[in-house]
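Below is one structure, written out as structure tokens, with a few remarks after it.
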Amino acid sequence: MKKKTVIITGANSGIGKAAAKKFSSEGHRVIMACRNIEKSKPAQNEIIEASKNDTVELMKLDVSSFESIRAFCSEYRRNNDGLDILIHNAAFFNHGEKVFQFSPDGIELTWATNLFGPFLMTHVLKDLLAQSDDPRILNASTTNIKHFFDPKRNIELDNLHGELKDTKKYNVYKLYGDSKMALSMLTFTLAEEFKPDGIKVNAVMIPNIRQEKESLRKFKMGYYRVIATLQNIIARPPERMADTYYHICTSDEFKDITGKLVNIDNKIMSCTKVPPGKGGFGLIKDLFGSDHYPVYVEDREMIETVREVCRTETEKFVQ
Ligand SMILES: NC(=O)c1ccc[n+]([C@@H]2O[C@H](COP(=O)([O-])OP(=O)(O)OC[C@H]3O[C@@H](n4cnc5c(N)ncnc54)[C@H](OP(=O)(O)O)[C@@H]3O)[C@@H](O)[C@H]2O)c1
């Protein structure tokens, strides 16, 4: 296989780090896009040592900051001729967080990190990707989007800048789920938009994956830390997910696949056959399985709304 250049955001920990190790072990060139260089150095050294591949670079990127994205992309362009694979792995999800936090651009931090940052970065790097002979983008989504099997669940876009911060309770779980659902939906529209350039865009629905101690320490409340620690016992290792990232981004099977939501077993998911609001065995099967996603994912109007919000939030920074 031709050696590729891959950018992985949040590659200093968990799944991102395991993915960086996987790509570099297979001989590819890896750019670890991380917000804290000093903290990420040991991960870079560990990956180089384990993979015996020294083409593993560390570059500074805060995905929540539009200026940081621009600076990262400019530096990347100065030092690189092309790009084959872009993996939007980094995410904000502070369990137990109680207070609204905002990005340097004044956007609620979950939305800035999980949706608008990846959107902007994708567009700023699009022309480089378009020059690759097999360009692929992968968005890290989550099984959390199954909450949208509830017909009352809706993505709320009315508080992106904290317009309602004094009246609306901060709910990190709702914000995380909404932003990841939006990222999943964006996958469809970007796949369409990028077809003429041959860029494939897919999303992977990540189930419970073991979290690092450092990630658990970030949790704001002990209660959630205990639950996550218990979940870790049955969770699959990050290397398992890294293999899925690798397969979607490099295999012949996915060479012409675009605009799909894929599960951990590399299976292309499809929309549930259970209509919204209907229960029964079908719904239970879909809730516990990983073959189907909720009808909401294919809501054309919402997909367009998400695309438009991404465009307006980032438009000053795209050029
Ligand atoms: N683990 C699971 O069970 C699970 C389930 C569903 C989905 N996922 C998704 O899988 C992906 C990886 O998660 P993980 O479990 O591997 O968690 P993790 O170990 O906590 O990794 C998250 C990474 O994102 C980075 N990050 C966060 N905000 C950033 C920012 N503004 N700029 C740059 N990097 C930033 C973190 O950097 P720092 O180290 O500097 O904080 C860290 O490297 C995420 O998209 C997550 O939503 C995970």
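In listed order, ligands and their atoms are each counted from 1. In this text the structure is predicted, and so the values were computed from the model without any measurement.
- Close approach of ligand 1 to Asn208 (heavy-atom distance below 4.0 Å) involves ligand atoms 3 (O).
- For Glu214, the CD atom is densely surrounded, since the number of other residues' heavy atoms within 6.0 Å is greater than 12.
- The atoms of ligand 1 that sit less than 4.0 Å from any heavy atom of Lys39 are 38 (P), 39 (O), 40 (O), 41 (O).
- Without hydrogens or angle criteria, Asn202 side chain to Leu261 main chain gives no donor-acceptor distance under 3.5 Å.
- Residue Asp265 qualifies as enclosed at atom CG: its count of foreign heavy atoms under 6.0 Å is above 12.
- Here atom 13 (O) of ligand 1 lies nearest to Ile15 when heavy atoms of Ile15, Leu216, Ile206 are compared.
- At a heavy-atom distance under 4.0 Å, no atom of Glu212 approaches ligand 1.
- When each atom of ligand 1 is checked for a heavy atom of Asn89 under 4.0 Å away, the hits are 11 (C), 12 (C), 44 (C), 45 (O).
- More than 12 non-hydrogen atoms from other residues, nucleotides or ligands lie less than 6.0 angstrom from NZ of Lys168.
- Of all the atoms in ligand 1, the ones that sit under 4.0 Å from a non-hydrogen atom of Lys218 are 38 (P), 39 (O), 41 (O).
- His28 has its ring centre less than 6.0 Å from the ring centre of Tyr246.
- Checking only distances, Gly10 does come within under 3.5 Å of ligand 1, N or O to N or O.
- Distance check on atom 22 (C) of ligand 1: every protein heavy atom falls at or beyond the 4.0 Å cut-off.
- A centroid separation of 6.0 Å or more is found between the aromatic rings of His147 and Tyr173.
- Proximity to Ala140 (heavy-atom distance under 4.0 Å) selects the following atoms of ligand 1: 45 (O).
- Distances between N or O atoms of Arg35 and those of ligand 1 include at least one value under 3.5 Å.
- Contact annotation: for Pro207 versus ligand 1, heavy atoms closer than 4.0 Å belong to the backbone alone.
- Of all the heavy atoms in Ala91 and Asn114, the pair that sits closest is CA-OD1, 3.3 Å.
- Geometrically, ligand 1 and Tyr245 share no nitrogen or oxygen pair separated by less than 3.5 Å.
- At a heavy-atom cutoff of 4.0 Å, ligand 1 is contacted by the side chain of Ser215 but not by its backbone.
- Geometrically, Arg70 does not engage Phe317 in a cation-pi contact, judged by NZ or CZ lying under 6.0 Å from the ring centre and within 45° of the ring axis.
- Shown in contact with Gly14 at under 4.0 Å from a heavy atom are these atoms of ligand 1, numbered in order with element: 16 (O), 19 (O).
- Below 4.0 Å from some heavy atom of Asp62 lie the following atoms of ligand 1, by number and element: 30 (C), 31 (N), 32 (N).
- Taking a cut-off of under 4.0 Å to the non-hydrogen atoms of Val63, the atoms of ligand 1 that pass are 30 (C), 31 (N), 32 (N), 33 (C).
- Among Ala235, Ser13, Ala11, Gly117, the residue whose heavy atom lies closest to atom 19 (O) of ligand 1 is Ser13.
- Only the backbone of Leu61 comes within contact range of ligand 1, with a heavy atom under 4.0 Å; no side-chain atom does.
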